[in-house]
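Structure, as C-alpha cells:
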Amino acid sequence: MKIIFQKLKFFVLCIYKQTFFIFDKHFFNYILIMRPTVYIKDLSQHVGKEVILKGWLYNKRSSGKLKFLILRDGTGYVQCVVFKGNVSEEIFESAEKLTQESSFEVKGKVREEKRAVGGFELDVIDLKIISIAHEYPITPKEHGIEFLIDNRHLWVRSKKQVAILKIRHRIIKAIRDFFDQRGFVLFDPPIITPNACEGTSTLFEMDYFDLGKAYLTQSGQLYAESGAMALGKVYTFGPTFRAEKSKTRRHLTEFWMVEPEMAFYNLDDDMDLAEEFIEYIIQTVLKEMKEELKELERDTTNLEKVVRPFPRISYSEAVEILKRKGVDFQWGNDLGGTDETFIGEEFDRPVMIHRYPAEVKAFYMKRDPENPKVALAVDVIAPEGYGEIIGGSQREDDLDALLFRIKEHNLPQSFFEWYLDLRRYGSVPHAGFGLGLERTVSWICGLDHLREAIPFPRMIYRNTP
RNA sequence: UCCGCGGUAGCUCAAUGGCAGAGCAUGCGGCUGUUAACCGCAGGGUUGUAGGUUCGAGCCCUACCCGCGGAGCCA
C-alpha cells in the first residue's frame with residue numbers, strides 16, 4: 001500500500017463504513033480496500049451487516065432487472081443478488097458483463113435466505129470487476145475425463161474437486177497429527193537415491209554428474225529405519241515414484257506415501273498401530289469434513305464402521321477364502337487386485353492380511369521364526385474394492401540373515417553397506433508400514449480413479465499440465 | 001508389454017453408405033426469485049492423420065497417431 005501512496009499523489013483516501021476507498025483526482029475510479037476481510041465461510045457472523053467479498057463468478061442467472069451471481073472464493077459459494085432498483089446503471093452493467101470465472105469484488109448486505117445455496121445471500125450495493133474471464137472451457141454441463149485432465153489447472157476450481165482437495169488436506173493433517181501426538185519425529189528421506197530400494201520395481205533413472213546413474217525414490221523406508229535407530233519412532237512423508245507402466249485406476253507414477261518406522265516394534269505392534277492410524281484418519285474426516293463428503297455424495301455408512309479392531313487373517317486363511325469363493329488360486333502366488341477385492345468383500349471394515357509367502361515379498365522382511373516360508377508382512381485391504389492401502393512388515397534385524405537375503409535377491413551388497421550397518425551397531429527388532437495417500441483419499445472420497453485424489457496426477461501417458 | 005473400447009463445433013454427444021445436427025458455452029434481445037434457470041435470434045466444422053473401396057464415406061477396409069478401461073506390477 002505504501003508504494004501506491006507514494007506514486008499517486010493525487011489520490012484521496014476515504015473511509016466509509018469500515019471500508020477504505022482510494023479515489024483518483026476525478027473521483028471517477030476507485031479502489032476498494034477490504035476492511036475487514038470477509039470470506040464466504042464466515043458469512044453467518046455478518047448477518048445484517050455490509051461486507052466486501054472477493055472471488056470468481058461460478059455461475060450467473062438473470063431475470064430482467066434481477067441478476068443472480070454465484071460467487072466462489074475458495075471457502076464457499078454465495079448467491080449475490082443485483083437488483084436494478086438498488087444499484088447504479090453502471091454497476092448493473094458491470095454485473096451484466098461478468099462471464100464465468102471472471103474475478104470481481106462485491107459489496108453488499110448479508111441476509112439469511114433459505115432459497116439460496118449455503119443459506120445466505122448478499123444484496124449487492126457495489127461491484128467492481130477485477131478481470132473479465134475469456135470464454136471458460138469448463139461449462140456447467142458434463143465433460144469427458146480427457147478434457148478435464150487436459151484442463152486440470154482449471155478443473156481444480158470445480159465444486160467436487162475443491163471438496164476432494166480439502167479432504168486430502170485434512171487427511172494429511174490427520175496423518176501428521178496422529179504421529180506427532182504419539183512422539184514420532186518427522187524424518188525426511190532423500191528423493192534421489194543411488195539404488196532401487198526393494199530391488200524389483202522399475203525406477204525413474206537420471207544421470208547424476210560424475211557418479212553415474214541415480215534414481216527417484218520408490219520408498220523412504222530404508223532411510224526411515226536409520227531414523228528409527230536414531231530417534232526411536234519416526235515417519236517419512238513425501239512423494240515417491242514408480243516407473244512401472246501401470247495403466248489402471250489404482251496407479252500413479254508419482255504418489256505420496258507416509259511411512260512410520262518404529263524401533264522395538266514387532267509385527268503385532270505394527271498392526272496395532274496401523275489399525276489405530278486408519279481409524280483415526282477416517283473418524284477425523286467423518287467428523288470434520290461433513291460438508292465436503294456431502295458435496296461428493298459419499299455414502300458414509302461404510303466409513304462409519306471403520307473402528308478397531310480390524311479383522312486379522314493370515315495369507316493362508318485368505319487363500320482359503322478365495323478357494324471357498326471359487327477362485328482358482330495357488331498358495332504361494334501374490335494376491336492380485338481382484339483377489340483383494342474378493343477378500344475385502346468378506347468384511348465390513350479394513351482387513352489385515354499377514355504372513356505372506358516370503359518369496360513374493362521384499363528382501364528386508366523378517367521371516368516368521370515359527371514358519372520360515374512366510375514373512376512377517378502385513379497388507380491392509382480397504383473395503384469397497386479400494387484395495388491395498390497399507391503394506392508393512394517387521395524388518396530383518398539379524399545381520400547374517402539380511403546378508404543372505406541380499407545375495408539371494410542378487411542385489412549389489414555395496415549399495416546396502418550403510419543399511420547393514422544398522423544391524424552391525426545395536427540392531428533391535430523394528431517394524432513399520434507405508435500408507436498410500438492417494439488411495440486413502442480415493443477411498444474416503446469414494447472416487448473411481450486415483451487421478452482426482454492429487455492436484456496434478458502423473459500417469460504413464462500424461463505429465464501435463 | 002498384452003487385451004478391449006473410442007476420436008464429429010470450444011465442450012458433451014447425435015447422424016440405415018445419400019443436404020453434418022442438438023444441448024451447453026459465446027454474442028444480441030426478453031423476463032423481479034433464478035437454483036446445471038428459461039424463451040427468441042445469430043456466429044461457430046479439413047468428422048484424429050494418411051491411404052484405399054464406392055457414383056457417393058463421419059459411417060466400410062488398411063496402417064499410423066492420440067486417449068480411455070482392464071491385466072501384470074504395486075501403495
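Quick note on labels: first sequence line is chain A, next is B, and so on, each numbered from 1.
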Please determine whether salt bridge (charged side-chain N to carboxylate O under 4.0 Å, His left out) holds for the pair A/Lys366 and A/Asp397, giving the CA-CA distance in whole Å, both sets of side-chain angles, and the decisive distance to 0.1 Å. CA-CA 7 Å; A/Lys366 192 174 181 64; A/Asp397 53 320; 2.9 Å; yes
Given 3.5 Å as the limit, does a donor-acceptor pair link the side chain of A/Ser102 with the main chain of A/Ala133, or not? yes
Near-ring test A/Phe178/A/Phe184, centroid separation under 6.0 angstrom: no
Of B/C68, B/G33, B/C74, the nucleotide closest to the side chain of A/Arg462 is B/C68
Does A/Leu252 reach a base, just sugar-phosphate, or nothing at all? Heavy atoms under 4.0 Å. base
State whether A/Arg395 and A/Asp270 are salt-bridged, where the test is any N-O pair (Lys NZ or Arg NE/NH1/NH2 against Asp/Glu carboxylate O) under 4.0 Å. no
Let me check I have this right: for RNA chain B, each base becomes ., (, ), [, ] or |, based on Watson-Crick or G-U pairs with both distances under 3.5 Å. What is the full string? (((((((..((((....[..)))).(((((.......))))).....(((((..]....))))))))))))....
Worked check of salt bridge (charged side-chain N to carboxylate O under 4.0 Å, His left out) between A/Glu244 and A/Arg242: CA-CA 5 Å; A/Glu244 301 284 353; A/Arg242 305 277 166 94; over 6 Å; no
Just checking A/Gln79: base, sugar-phosphate only, or nothing, at a heavy-atom cut-off of under 4.0 Å? base
Using a heavy-atom cut-off of under 4.0 Å over every strand shown, decide if A/Leu450 touches base, sugar-phosphate, or nothing. base
When rounded to whole Å, the CD1 to P distance for the pair A/Ile460 and B/C68 reads 10 Å
Taking the side chain of A/His449 as its heavy atoms from C-beta onward, which of B/G33, B/C74, B/G69 lies nearest to it? B/G69
Interatomic distance, A/Leu57 CG vs B/U34 C1' [rounded to whole Å]: 14 Å
Base, sugar-phosphate, or nothing for A/Glu96, non-hydrogen atoms under 4.0 angstrom? nothing
If you take atom types as modelled and just measure distance, does the side chain of A/Ser246 reach the base of B/C74 with a donor-acceptor pair under 3.5 Å? no
By a 5.5 angstrom centroid cut-off and a 30 degree plane limit, is there stacking between A/Tyr136 and B/A25? no
Which pair of heavy atoms, one from A/Trp443 and one from A/Pro383, lies closest together, and at what distance? CZ2-CD, 3.4 Å
Should we say atom CD of A/Glu359 is surrounded by more than 12 heavy atoms from elsewhere, each under 6.0 Å from it? no
Answer yes when A/Arg111 and A/Glu121 have at least one side-chain N-carboxylate O distance shorter than 4.0 Å, and no when they do not. yes
Does some side-chain heavy atom of A/Tyr364 sit less than 4.5 Å from a side-chain heavy atom of A/Ser393? yes
Taking atom P of B/C68 as reference, at what distance in whole Å does atom CE of A/Met459 sit? 6 Å
Between A/Trp155 and A/Phe147 (judged by ring centroids, cut-off 6.0 Å), do the two rings come close enough to count as a pair? no
Describe the nucleic acid contact of A/His134 in one word from base, sugar-phosphate, nothing, applying a heavy-atom distance below 4.0 Å. nothing
Polar atom pairs between nucleotides 9-11 of chain B and protein, under 3.5 Å, N or O only, would you list them?
residue, atom, partner, partner atom, Å
B/C11, O2', A/His143, ND1, 2.2

Considering only atom C1', compute the distance from B/C59 to B/G18 and round it to an integer number of Å. 12 Å
What's the closest nucleotide to the A/Thr99 side chain, out of B/U34, B/G27, B/C74? B/G27
Taking the side chain as every heavy atom from C-beta outward, state whether A/Met459 and A/Leu252 have any atom pair closer than 4.5 Å. yes
Would you please name every residue forming a ring pair (Phe, Tyr, Trp, His ring centres under 6.0 Å) with A/Phe104, sequence neighbours left out? none
Are any of A/Arg451's side-chain N or O atoms less than 4.0 Å away from OP1 or OP2 of B/G67? no
Under the side-chain contact (heavy atoms from CB on, under 4.5 Å) rule, collect the residues that match up with A/Ser44, sequence neighbours excluded. A/Phe120
Cut-off 3.5 Å, side chains only: do A/Glu304 and A/Thr300 have a donor facing an acceptor? yes
Take the protein atom CZ of A/Phe83 and the nucleotide atom C1' of B/U34, then report the distance between them rounded to whole Å. 14 Å
note: A/Leu148, atom CG; B/C13, atom P; distance rounded to Å ~ 10 Å
Identify which nucleotide among B/G69, B/G72, B/A75 has an atom closest to any side-chain atom of A/Glu388, counting heavy atoms from C-beta outward. B/A75
Give each protein N/O atom lying under 3.5 Å from an N/O atom of nucleotides 41-46 of chain B, with the pair distance.
none

Could you tell me how far apart A/Glu101 (CD) and B/A25 (C1') are, to the nearest whole angstrom? 13 Å
Quote, to the nearest angstrom, the P distance that separates B/G10 from B/G69. 24 Å
Which residues in residues 61-77 of chain A have at least one heavy atom lying under 4.0 Å from any atom of RNA chain B? A/Arg61, A/Ser62, A/Ser63, A/Gly64, A/Lys65, A/Leu66, A/Phe68
Under 4.0 Å between a side-chain N/O of A/Asn59 and OP1 or OP2 of B/A37, yes or no? yes
Heavy-atom nearest nucleotide on RNA chain B for A/Asp339 versus A/Trp256: which residue maps closer to 5'? A/Asp339
Separation between the C1' atoms of B/C13 and B/U34, rounded to whole Å: 27 Å
State whether the number of non-hydrogen atoms from other residues, nucleotides or ligands found under 6.0 Å of A/His153 atom NE2 is greater than 12. yes
Sticking with atom C1', work out how far B/A14 lies from B/A63, rounded to a whole angstrom. 28 Å
Residues A/Arg439 and A/Glu340 bridged, charged N to O under 4.0 Å: no
Could you tell me how far B/C68 sits from B/C11 if I compare only their P atoms? Round to whole Å. 16 Å
CD1 of A/Ile145 versus C1' of B/G6: gap in Å, rounded? 15 Å
Gap between atoms CG and C1', on A/Leu203 and B/C73 respectively (whole Å): 13 Å
Counting the atoms with a prime plus P, OP1 and OP2 as sugar-phosphate, which does A/Lys84 contact under 4.0 Å by heavy atoms, base, sugar-phosphate, or nothing? nothing
Proximal nucleotide (of B/G33, B/G72, B/G69) relative to the A/Lys245 side chain: B/G72
